[in-house]
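For reference, the structure is listed below as structure tokens.
Protein chains get the first letters and strands the later ones, always in sequence-line order, with residue 1 at the start of each.
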Amino acid sequence: EPEVTQTPSHQVTQMGQEVILRCVPISNHLYFYWYRQILGQKVEFLVSFYNNEISEKSEIFDDQFSVERPDGSNFTLKIRSTKLEDSAMYFCASSELRAPTDTQYFGPGTRLTVL
Amino acid sequence: GEDVEQSLFLSVREGDSSVINCTYTDSSSTYLYWYKQEPGAGLQLLTYIFSNMDMKQDQRLTVLLNKKDKHLSLRIADTQTGDSAIYFCAEVGGATNKLIFGTGTLLAVQP
């Protein structure tokens with residue numbers, strides 16, 4: 001069964017450093033998403049992406065964050081200058097059609113630890 | 001704004017039924033979902049229900065939706081130790097494509 005994959009599974013970085021989290025969505029999916037889950041808190045929406053554009057973003061997704069689909073398979077989330085409070089599990093998701101018409105399938109997550 | 005709430009913890013014995021409850025505030029919710037998260041793993045879609053339905057059954061899983069009370073429940077029949085996980089309900093409205101998640105319910109199944 002096709003699945004969303006994410007790399008790395010765990011990333012440790014120093015405060016102020018840039019990180020890039022990578023995702024390979026399901027191949028025929030057109031809509032891509034990033035969510036995050038700070039330890040002990042709810043899963044929160046960050047951004048959705050379609051047709052090489054951001055279609056929706058939350059208040060969390062400020063100028064420090066960016067997303068990109070650099071080629072036909074990868075979808076990346078970049079944090080330019082990481083803060084301690086960026087430590088969280090970051091989940092990528094994809095859907096074939098626009099939600100809510102279609103369900104979002106999640107990757108296993110990347111645990112980001114900012115020291 | 002939209003909010004989704006769940007009880008934090010449920011403990012059941014193996015073989016019993018589990019019922020996990022969820023309430024939401026967004027009356028424009030069109031789809032409601034249940035996701036399962038096992039330790040160290042991602043979010044696995046279990047089932048979903050469209051807002052014009054009252055009930056959906058999928059093998060051991062039964063989803064009940066009370067749209068008037070904005071209450072969603074997930075019943076797991078014959079609960080097994082492998083069902084131990086965190087269960088999240090989530091909703092999405094018509095004008096957006098973002099999922100709003102609940103706090104998650106930790107289901108502990110005792111042998």
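- No continuous path of ILVMFWY side-chain contacts below 4.5 Å connects A:L21 to A:F91, so the two sit in separate hydrophobic clusters.
- At a 4.5 Å heavy-atom cutoff, B:F50 makes no contact with chain A through either its backbone or its side chain.
- For A:S58, no part lies near chain B; criterion is any non-hydrogen pair under 4.5 Å.
- Counting non-hydrogen atoms of other residues, nucleotides and ligands closer than 6.0 Å to CZ of A:R22 gives a total of 12 or fewer.
- Heavy-atom minimum distance, B:L43 versus A:F106: O-CB, 3.4 Å.
- In this structure, A:M15 places its CE atom where only 12 or fewer heavy-atom neighbours from other residues, nucleotides or ligands lie under 6.0 Å away.
- For chain A, no part of B:E91 is nearby; none of its heavy atoms comes within less than 4.5 Å.
- Distance check: B:K98 NZ to A:Y33 OH gives 13.0 Å after rounding to the nearest 0.5 Å.
- Under a hydrophobic clustering in which Ile, Leu, Val, Met, Phe, Trp and Tyr are joined whenever their side-chain heavy atoms come within less than 4.5 Å, directly or via other members, B:L64 and B:Y31 fall into different clusters.
- Contacts with chain B (heavy atom to heavy atom, under 4.5 Å) involve no residue of residues 80-88 of chain A.
- A 6.0 Å sphere centred on CG of A:D63 holds no more than 12 heavy atoms belonging to other residues, nucleotides or ligands.
- Cluster annotation: B:L61 and B:I86 are assigned to the same hydrophobic cluster (Ile/Leu/Val/Met/Phe/Trp/Tyr, side-chain heavy-atom contacts under 4.5 Å, transitive).
- Surrounding NZ of B:K56 are more than 12 heavy atoms belonging to other residues, nucleotides or ligands, all under 6.0 Å away.
- Heavy-atom neighbours of B:Y48 OH from other residues, nucleotides or ligands within 6.0 Å: at or below the threshold of 12.
- Only the side chain of B:L45 comes within less than 4.5 Å of a heavy atom of chain A; its backbone N, CA, C and O stay farther away.
- Tracing side-chain contacts under 4.5 Å through hydrophobic residues (I, L, V, M, F, W, Y), one reaches A:L77 starting from A:I54; they form part of the same cluster.
- Across all non-hydrogen atoms, the minimal contact from B:Y35 to A:Q104 is OH-O, 2.7 Å.
- Transitive grouping of hydrophobic side chains (ILVMFWY, heavy atoms separated by less than 4.5 Å) brings A:I79 and A:W34 into a common cluster.
- Using non-hydrogen atoms only and a strict 4.5 Å limit, the part of residues 35-50 of chain A facing chain B consists of A:Y35, A:Q37, A:K42, A:V43, A:F45, A:S48.
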